[in-house]
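Encoded as structure tokens, the structure appears first; notes follow it.
None of the values given here were measured: they were computed from a predicted structure. Heavy atoms only: backbone and side chains are in, while hydrogens, waters and symmetry mates are out.
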Amino acid sequence: MTNDLKINGVDAWTVWGVAMGDGFLDTLYEPLDMKEAVTSESRLEDGRRVAWPAGTVRVKPRSLTLEFLLFASSSTVMRAAKNAFLAVLMAGTVAVAVPKAGSEVFKLRYTGKGATHAMNWQRTQCNLSLKFEEDNPKDR
């Protein structure tokens, strides 16, 4: 199996046996939510004033859930690879890139909240659904 997922510049498949799960690219590249315009209402004027000068569109930070698939040759290798992978995510902001999909490098913070985990009975394949925050989606 090959994979084009890079985490902190490292090939995730080669190092941890990690591949992208269902909807991974859809989640990364979904349209961004925009912030509300600055408005001002006065009883002395009809309607409201909107301060939205051209070129100043701002986006909201976003929360996203990414699904990762882990594969290993044995349960011992799986445990070690999963723990090493999670240690990298917990160390701080991670740079996630999929070079074949685009040149963007997503700066994500693993939240450690609401994660789901499923493993096959041989304990050699694992599905992790993990939550991240992207504080500034324009900084890619």
Checklist entry - When P99 is tested against each of D4, L5, V105 for side-chain contact (heavy atoms from CB on, under 4.5 Å), which residue passes? => result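 The option that passes is D4.
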Quick one: pull up [atom1] in [X] and [atom2] in [Y] and give me the separation to the nearest 0.5 Å.
{"X": "M78", "Y": "W16", "atom1": "CE", "atom2": "CH2", "answer": "14.5 Å"}
{"X": "S63", "Y": "E134", "atom1": "OG", "atom2": "CD", "answer": "10.0 Å"}
{"X": "R109", "Y": "D135", "atom1": "CZ", "atom2": "CG", "answer": "4.0 Å"}
{"X": "R49", "Y": "T39", "atom1": "CZ", "atom2": "OG1", "answer": "12.0 Å"}
{"X": "R48", "Y": "S42", "atom1": "CZ", "atom2": "OG", "answer": "14.0 Å"}
{"X": "S75", "Y": "M119", "atom1": "OG", "atom2": "CE", "answer": "8.5 Å"}

Checklist entry - Would you say R140 has more than 12 foreign heavy atoms packed within less than 6.0 Å of its CZ? => result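 Count over threshold, so yes.
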Item to check | Within 6.0 Å of CZ in R62, more than 12 heavy atoms from elsewhere | outcome: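 For R62, atom CZ is crowded (more than 12 foreign heavy atoms under 6.0 Å).
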Checklist entry - How far apart are the closest heavy atoms of V88 and V94, and which atoms are they? => result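 Smallest interatomic distance, heavy atoms only, reads O-CG1, 3.7 Å.
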Item to check | Nearest non-hydrogen partners of P137 and P61, listed with the distance | outcome: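 Closest approach of P137 to P61, heavy atoms only: CD-CA, 4.0 Å.
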Name every donor-acceptor pair, under 3.5 Å, that has one atom in a side chain of residues 17-38 and the other anywhere in the protein, sequence neighbours excluded.
residue, atom, partner, partner atom, Å
T27, OG1, G23, O, 2.9
Y29, OH, E104, OE1, 3.2

Verify same cluster id: [X], [Y] (apolar side-chain graph, 4.5 Å):
{"X": "V96", "Y": "L64", "result": "yes"}
{"X": "L108", "Y": "V15", "result": "yes"}
{"X": "V59", "Y": "V50", "result": "no"}

Donor-acceptor under 3.5 Å ([X] side chain, [Y] main chain):
{"X": "T111", "Y": "K131", "answer": "yes"}
{"X": "K107", "Y": "D139", "answer": "yes"}
{"X": "N127", "Y": "L69", "answer": "no"}

Next on the checklist: Applying side chain to side chain contact (heavy atoms under 4.5 Å, CB included) to L66 and L130, what does each step give before you reach the verdict?
Outcome noted: CA-CA 5 Å; L66 297 174; L130 306 174; 5.8 Å; no
Item to check | Parallel, tilted or perpendicular, as decided by the 30° and 60° cut-offs, for the rings of F132 and Y110 | outcome: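 Aromatic pair Y110/F132 classed tilted.
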Next on the checklist: Checking D11 against K6 for the side chain to side chain contact (heavy atoms under 4.5 Å, CB included) test, could you report, in this order, the C-alpha distance in whole Å, the side-chain angles of both residues, the deciding distance, and whether it holds?
Outcome noted: CA-CA 5 Å; D11 184 318; K6 305 265 187 223; 4.0 Å; yes
